[in-house]
Amino acid sequence: MVRVKMMAAALTGLLAVSALAGCGDKGDDTGSGGGGDGKLVLGFSQVGAESGWRTANTKSIQDAATAAGYELKFSDAQGKQEKQIEAIRSFITQKVDVIAFSPVVTSGWDAVLKEAKDADIPVILTDRAVDSQDKTLYKTFLGSDFVKEGKEAGNWLVKQYEGKTDPVNVVELQGTVGAAPAIDRQKGFAEAIATNPNIKIVKSQSGNFTRAEGKTVMEGILQSTPKIDVLYAHNDDMGLGAIEAIEAAGKKPGTDIKIITVDAVKDGMTALSEGKINFIVECSPLLGPQLMDLAKKVKAGDTVDQRILTVETTFTQEQAKAALPDRKY
């Protein structure tokens, strides 16, 4: 009887050791951070929720992950780079299959991206680029051409004042300082209006991509700048905030001050249809399905283009009226 008990105890010990070995098995290629259910696990760090565009972008990614059957580990950086770096390091620790993020600013990512590369976790940039010289630190960048967006806005303005000789005073509401869309939309716009020396930017200030700051900044500019012909806002939300300030100052947006914005979210398109905004350059937030497809490809080791552009357009008042009934964001 004693011998039987000793054999049973030994067998139990062997089973325990075997089970422990299985938990740490490096041969499991699910990359699920312990889930083991075969789902692709995507760690995504979002900039924040600073605008209607960003909210729509987040929903697109969440819905697309669910539709694809992926496990999404989502983190909101609340506009802070340090929180985003912390989230990426957490994804690395969790051994997710793929990391994607929309960078708060362009600089300061090399160290954490190298950590992801050393951990053999592919990285996808969405919406915004980074200025890293080492292009091997990420697999691809999915997003808009922000310089082109700025040029589209500038080209429309140049056309409006074609053949006219009076000076045109432009106020520019920039996005977050150091953010790729703010840098590139400013650059593209400046290049376009340079073809007409009568068009000059008389004030350029950051509204941080938010409606509240757009309103506050515009209030100050209206008091300090007596003649404003045009407002160019780097996104709809800042433009909408500026409209509130313009109306409070007794001026008519879209008439007394022409307004150009970027994004084409529903609130912006509504203001365009009402004539409060004159022209909008689209920047689509619906990147979710493309991101899920790319995540699957880079996880499998497939070759993907390092730069993938989203398809976008521009809107006038009449085009906005036609598009609004079916607008998804």
With clusters defined by side-chain heavy atoms of hydrophobic residues (ILVMFWY) lying less than 4.5 Å apart, directly or transitively, does Ile243 cluster with Val230? no
Quick check: is Leu272 connected to Leu231 through a chain of hydrophobic side chains (ILVMFWY, heavy atoms under 4.5 Å apart)? yes
Using 30° and 60° as the class limits, which term best fits the ring planes of Phe209 and His234: parallel, tilted or perpendicular? tilted
Lys NZ or Arg CZ of Arg89 over Phe91 ring: under 6.0 Å, within 45°: no
List for me each residue that meets side chain to side chain donor-acceptor pair (under 3.5 Å) alongside Arg128, sequence neighbours excluded, and say none if there are none. none
Sorted by chain and number, sequence neighbours left out, ring pair (Phe, Tyr, Trp, His ring centres under 6.0 Å) with Phe101 holds for Trp109
Co-membership, hydrophobic cluster, residues Ile260 and Phe315, 4.5 Å side-chain: no
Heavy-atom closest pair (Asn169 atom, Asp229 atom, distance to 0.1 Å) is N-OD2, 2.8 Å
Any side-chain heavy-atom pair from Lys296 and Tyr70 closer than 4.5 angstrom? yes
State, yes or no, whether a side-chain contact exists between Pro285 and Arg54 at a heavy-atom distance under 4.5 Å. no
Residues in side chain to side chain donor-acceptor pair (under 3.5 Å) contact with Lys164, at least two apart in sequence or another chain: none
Is it possible for you to say whether Phe279 and Val170 belong to one hydrophobic cluster, with membership spreading through side-chain heavy-atom contacts below 4.5 Å? yes
